[in-house]
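Single-structure report; data block below.
Side chains included, hydrogens not; waters and symmetry mates left out as well; all remaining heavy atoms used. Please read these numbers as outputs of a predicted model, since none were measured by experiment.
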Amino acid sequence: LGNLVDKRDKATCPNLKNMAKKTSQELKDLCEKALEEQIRQLKEEEGDDTELEVELRKELREVKAVNVNKADKSAAGIAF
């Protein structure tokens, strides 16, 4: 089937090392934006109220409910 070669800049691509440098607020914002865009594209392709849309909206509510200050305190002892 072939091979995929990732030629993105390792210093800026979305890998664990780079994501770990972001604040909890930045990660929360990225996650919200990604879920909102997935929902938008899903609705465009498959219409309203699909099973997947319901699941994505649930995930979006959970992400929006995250307290970033509490998350930062909880993650303070974790190192990458």
Side-chain angles (χ1 to χ4, degrees):
L1 295 173
N3 295 315
L4 294 176
V5 178
D6 188 351
K7 293 189 175 191
R8 293 178 289 185
D9 181 354
K10 301 291 187 237
T12 59
C13 72
N15 59 26
L16 179 60
K17 184 177 181 181
N18 292 334
M19 292 295 115
K21 295 175 187 174
K22 296 189 179 299
T23 66
S24 294
Q25 186 64 58
E26 288 174 303
L27 293 171
K28 180 180 177 181
D29 292 344
L30 283 171
C31 192
E32 284 182 27
K33 183 178 176 182
L35 286 165
E36 288 167 350
E37 181 62 15
Q38 287 179 34
I39 292 167
R40 186 195 69 74
Q41 289 185 23
L42 178 64
K43 290 176 74 164
E44 187 176 293
E45 292 297 319
E46 297 189 21
D48 292 331
D49 302 321
T50 62
E51 186 177 327
L52 181 54
E53 182 186 348
V54 171
E55 290 177 37
L56 290 172
R57 288 198 179 281
K58 180 182 175 190
E59 286 184 35
L60 181 57
R61 280 191 304 275
E62 291 173 2
V63 169
K64 287 184 175 191
V66 170
N67 179 326
V68 292
N69 294 323
K70 187 175 179 180
D72 284 339
K73 288 178 186 176
S74 177
I78 300 173
F80 292 98

[Y] backbone acceptor or donor facing [X] side chain under 3.5 Å:
X	Y	value
Asn18	Lys10	yes
Lys28	Val68	no
Glu32	Asp29	no

(request) With rounding to the nearest 0.5 Å, note down the distance linking OG in Ser24 to NZ in Lys70. (result)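 With rounding to 0.5 Å, OG (Ser24) is 13.0 Å from NZ (Lys70).
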(message) Distance check, rounded to the nearest 0.5 Å: Asn67 atom CG versus Ser74 atom OG?
(response) 11.0 Å
(message) So Asn15 and Arg8, do their side chains get closer than 4.5 Å, heavy atoms only?
(response) no
(request) Report yes if the side chains of Leu56 and Leu42 come closer than 4.5 Å at any heavy-atom pair, otherwise no. (result)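 In contact.
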(message) Please determine whether the number of non-hydrogen atoms from other residues, nucleotides or ligands lying under 6.0 Å from atom CD of Glu55 exceeds 12.
(response)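 Counting other residues, nucleotides and ligands, CD of Glu55 exceeds 12 neighbours.
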(message) If you count every heavy atom of other residues, nucleotides or ligands that lies below 6.0 Å from Lys21 atom NZ, does the total exceed 12?
(response) yes
(request) Decide whether Val63 and Ile39 are clustered together by the hydrophobic rule: side chain heavy atoms of Ile, Leu, Val, Met, Phe, Trp, Tyr closer than 4.5 Å, transitively. (result) yes
(message) Are Leu60 and Leu52 connected into the same hydrophobic cluster when the rule is that any two of I, L, V, M, F, W, Y join if their side-chain heavy atoms are below 4.5 Å apart?
(response)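 Yes, because Leu52 and Leu60 connect within a single hydrophobic cluster, where side-chain heavy atoms sit under 4.5 Å apart.
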(message) Among Gln38, Lys43, Glu46, exactly one meets side-chain contact (heavy atoms from CB on, under 4.5 Å) together with Glu53. Which residue is that?
(response)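 So, applying the side-chain contact (heavy atoms from CB on, under 4.5 Å) to Glu53 and each of Gln38, Lys43, Glu46, only Lys43 qualifies.
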(message) Using a strict threshold of under 4.0 Å (side-chain N to carboxylate O), is an ion pair present between Glu36 and Arg57?
(response)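 Salt bridge: no.
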(request) For the pair Glu37 and Arg40, find out whether any cationic side-chain nitrogen is under 4.0 Å from an anionic carboxylate oxygen. (result) yes
(message) Between Gln41 and Glu45, is there a side-chain donor-acceptor contact under 3.5 Å, judged purely by atom types and distance?
(response)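 Their side chains do not contain a donor-acceptor pair, so the 3.5 Å distance test is not met.
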